[in-house]
Enquirer: 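Here's a structure for you.
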Amino acid sequence: MQKFIFVTGGVVSSVGKGICVASVGRMLKNRGFSVSLMKLDPYLNVDPGTMSPYQHGEVYVTDDGAETDLDLGHYERFTETRLTGLSSLTAGQIYKKVIDKERNGDYLGRTIQVVPHVTNEIKERVIQVANESKSDIVVVEVGGTVGDIEGLPFLEAIRQIPYLVGKDNCFFIHVTYLPFINTTGELKTKPTQHSVRELRSIGIQPDSIICRSEFEVSEKIKEKISMFCDVPLDAVTSLPTLDSVYEVPIILEKENLWKLISDNLSLNAKTGKSSNWTEIISKVNNSKKSLKVAIVGKYVELQDSYLSVKESLVHAGISNQSEIQIEWINSEEIKSTNVAQIFEGIKGIVVPGGFDKRGTQGMIETCKFARENNIPYLGLCLGMQIMVIEASRNLLGYQDANSSEFDESTRYPVIDLMPEQLKSLHKGASMRLGLYDCKLVDDTKSKAIYQSDIISERHRHRYEVNNKFVGELEKVGLLTSGINPESELVEIMEYINHSFMIGVQFHPEFLSTPLNPHPLFVQFVKSGLEEINIKANGKFINKSNILE
Ligand code: GLN
């Protein structure tokens, strides 16, 4: 019989509920269970693909090309599980389905209501994920906090699920926040009491309460929460803010959560506890080196917009035993006159994905600076398109070369729409999305880094390198080092005479995990750490042994 863990949130959002869910998943994986995870988002957008990064943070893409909530990134990174679009359910998807069915006459004249029609669709989806994943345990996170009006149908649906699958197979966790009041120097439990009361009024009694806070939660406070929220004392878990999110599974375990879950769900560990995860944490805490890397984009005030990029750098740092200090740089502030000053002391530059013209001039300046000064540069999707525009302008001399996304009338559309993209009128889910193959070209850095002939990476973009210019770009040293074997679209480009200047049309950041850091990020960090680049006869010689 499959087991279900439901996670709700109380008091405030943004306290790391997604990390808690991912960490519970990790704890179960460490004991040999297969897990599937899903996020129920109460907003009415069908998916976050059309939302501004300022609203929502990063849009995370799965193998099957679904544009999903960034929490799915945490789930995949922590559990090494490849999820699908089924794991990201929004109220928009549910209502769309219900209304489509109604228009189709499927309800045979009945009145359509939130309960049972909307709640039934939610329940069906949870059961579908359980059935299709065939995993031992499904962990389900409800987005938002208890008390949100739009969250009610989702809470009602998870309240009903135990009647479908058996009460003994379900476990409810409530993640709350204990604010710290400076004047009295204490953590306050009242908001937690209120949110649990609200949850119980809906009919859900939590089996466990995870208390997020800035400080360790004392026994006295745990007793209070236990008493007022009607949960056993050992079901109150303290989770203070930690240096690394990857420590959370270890802390939850120490706080007794594995025992509580396994007792409640009658789980017998399938394997002895794996120590891989603990090793990662010891590497994070004992890193010997430090590297300053810049992320250059236009959404840098909201760092969640680049969450997977940031985490991939952390993973690469772990594998290089180095701490990564990230400097967030707003590309709109970069000019030819201040670029050298802005990047002083920076040993690596990442230009991540993005849309629309704003901020691209600063990215082009950044790219030129990295190329001319042999600073490791990793271009992700837009960051790769910028490499092509910069080379076309400054090396080929095509002054107005551009992407047709930024200038429709450019004479040199070095990045352009492909005919199939011209057809799609919808904004939603109409990009080139999900996994596509890429064949690596012999004798390139990219092939040496991947050590493979063919790779498969996740995409999310509309525009492509214009193959008409590829030959000319090669002549000035910008090689195509990865190609889609079917469409012949450019997937990877790299400079010959540079320690590490690689741009990829895809998003490698979606496939990096702490246990399996992505090779491109690993080599990027390595290049930054090695002060190896010696200039001889105007060319940079890369002594990195990977190419020898
Ligand atoms: N805006 C570019 C495109 O659509 C790049 C997209 C991205 O960086 N994800 O092709």
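Just so it is clear, the values below take in all heavy atoms, side chains as well, and ignore hydrogens, waters and symmetry mates. The structure presented is a predicted model; accordingly, all values stated were derived computationally and were not measured. Numbering of ligands and ligand atoms starts at 1, following listing order.
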Enquirer: So, do Y450 and H518 have ring centers that fall under 6.0 Å from each other?
Expert: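 Distance test on ring centres: under 6.0 Å, yes.
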Enquirer: Pick one of side chain, backbone, both or neither for how Q385 approaches ligand 1, counting any non-hydrogen atom pair under 4.0 Å.
Expert: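 For Q385, only side-chain atoms sit under 4.0 Å from ligand 1.
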Enquirer: Taking the six-membered ring for Trp, are Y299 and Y54 closer than 6.0 Å centroid to centroid?
Expert: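 Centroid distance Y299-Y54: below 6.0 Å, so yes.
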Enquirer: Kindly confirm or rule out an N or O of Q505 lying under 3.5 angstrom from an N or O of ligand 1.
Expert: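 Checking ligand 1 against Q505, no N or O pair falls under 3.5 Å apart.
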Enquirer: Would you mind listing which atoms of ligand 1 come within a distance below 4.0 Å of any non-hydrogen atom of H507?
Expert: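 Ligand 1 atoms under the 4.0 Å threshold to H507: 9 (N).
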Enquirer: Give me the nearest non-hydrogen protein atom to atom 2 (C) of ligand 1 as residue plus atom name, then the distance to 0.1 Å.
Expert: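 Checking every protein heavy atom, the shortest distance to atom 2 (C) of ligand 1 gives E405 OE1, 3.3 Å.
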Enquirer: For atom 5 (C) of ligand 1, what's the nearest protein heavy-atom neighbour? Residue, atom name and distance, please.
Expert: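 Looking only at protein heavy atoms, the one closest to atom 5 (C) of ligand 1 is G354 O, 3.4 Å.
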Enquirer: Tell me which protein heavy atom sits closest to atom 10 (O) of ligand 1, plus the residue, atom name and distance to 0.1 Å.
Expert: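 In this structure, atom 10 (O) of ligand 1 has Y463 N, 2.8 Å as its nearest protein heavy atom.
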Enquirer: Using ring centroids (six-membered ring only for Trp), state whether F369 and F343 fall under 6.0 Å.
Expert: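 They qualify: ring centres under 6.0 Å apart.
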Enquirer: State whether the shortest distance between N or O atoms of G353 and N or O atoms of ligand 1 falls below 3.5 angstrom.
Expert: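 No, there is no polar N/O contact under 3.5 Å.
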Enquirer: Counting neighbours of CG on D100 that are heavy atoms of other residues, nucleotides or ligands and sit closer than 6.0 Å, is the number greater than 12?
Expert: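 Check passes, neighbour count above 12.
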Enquirer: Would one find more than 12 heavy atoms of other residues, nucleotides or ligands at under 6.0 Å from atom CD of Q55?
Expert: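 Count not over threshold, so no.
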Enquirer: Among all protein heavy atoms, pick out the one at the shortest distance from atom 7 (C) of ligand 1; state its residue, atom name and that distance to 0.1 Å.
Expert: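 Closest protein heavy atom to atom 7 (C) of ligand 1: C381 SG, 3.0 Å.
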Enquirer: Apply side-chain contact (heavy atoms from CB on, under 4.5 Å) to F521 and L378, showing your working.
Expert: CA-CA 8 Å; F521 281 90; L378 180 58; 3.7 Å; yes
Enquirer: Quick one: does M387's side chain get under 4.5 Å of V351's, heavy atoms only?
Expert: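 Sidechains of V351 and M387: no contact.
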Enquirer: Among all protein heavy atoms, pick out the one at the shortest distance from atom 3 (C) of ligand 1; state its residue, atom name and that distance to 0.1 Å.
Expert: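 Result: R462 N, 3.4 Å.
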Enquirer: Does a side-chain N-to-carboxylate-O contact under 4.0 Å join K357 and E405?
Expert: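 The answer is no: the pair does not qualify as a salt bridge.
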Enquirer: Which residue holds the protein heavy atom closest to atom 9 (N) of ligand 1, what is that atom called, and what is the gap in Å?
Expert: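 Ranking protein heavy atoms by distance from atom 9 (N) of ligand 1, first comes R460 O, 2.8 Å.
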Enquirer: Would you say L382 and ligand 1 have an N/O pair spaced under 3.5 Å apart?
Expert: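 It does: an N or O of L382 is found under 3.5 Å from an N or O of ligand 1.
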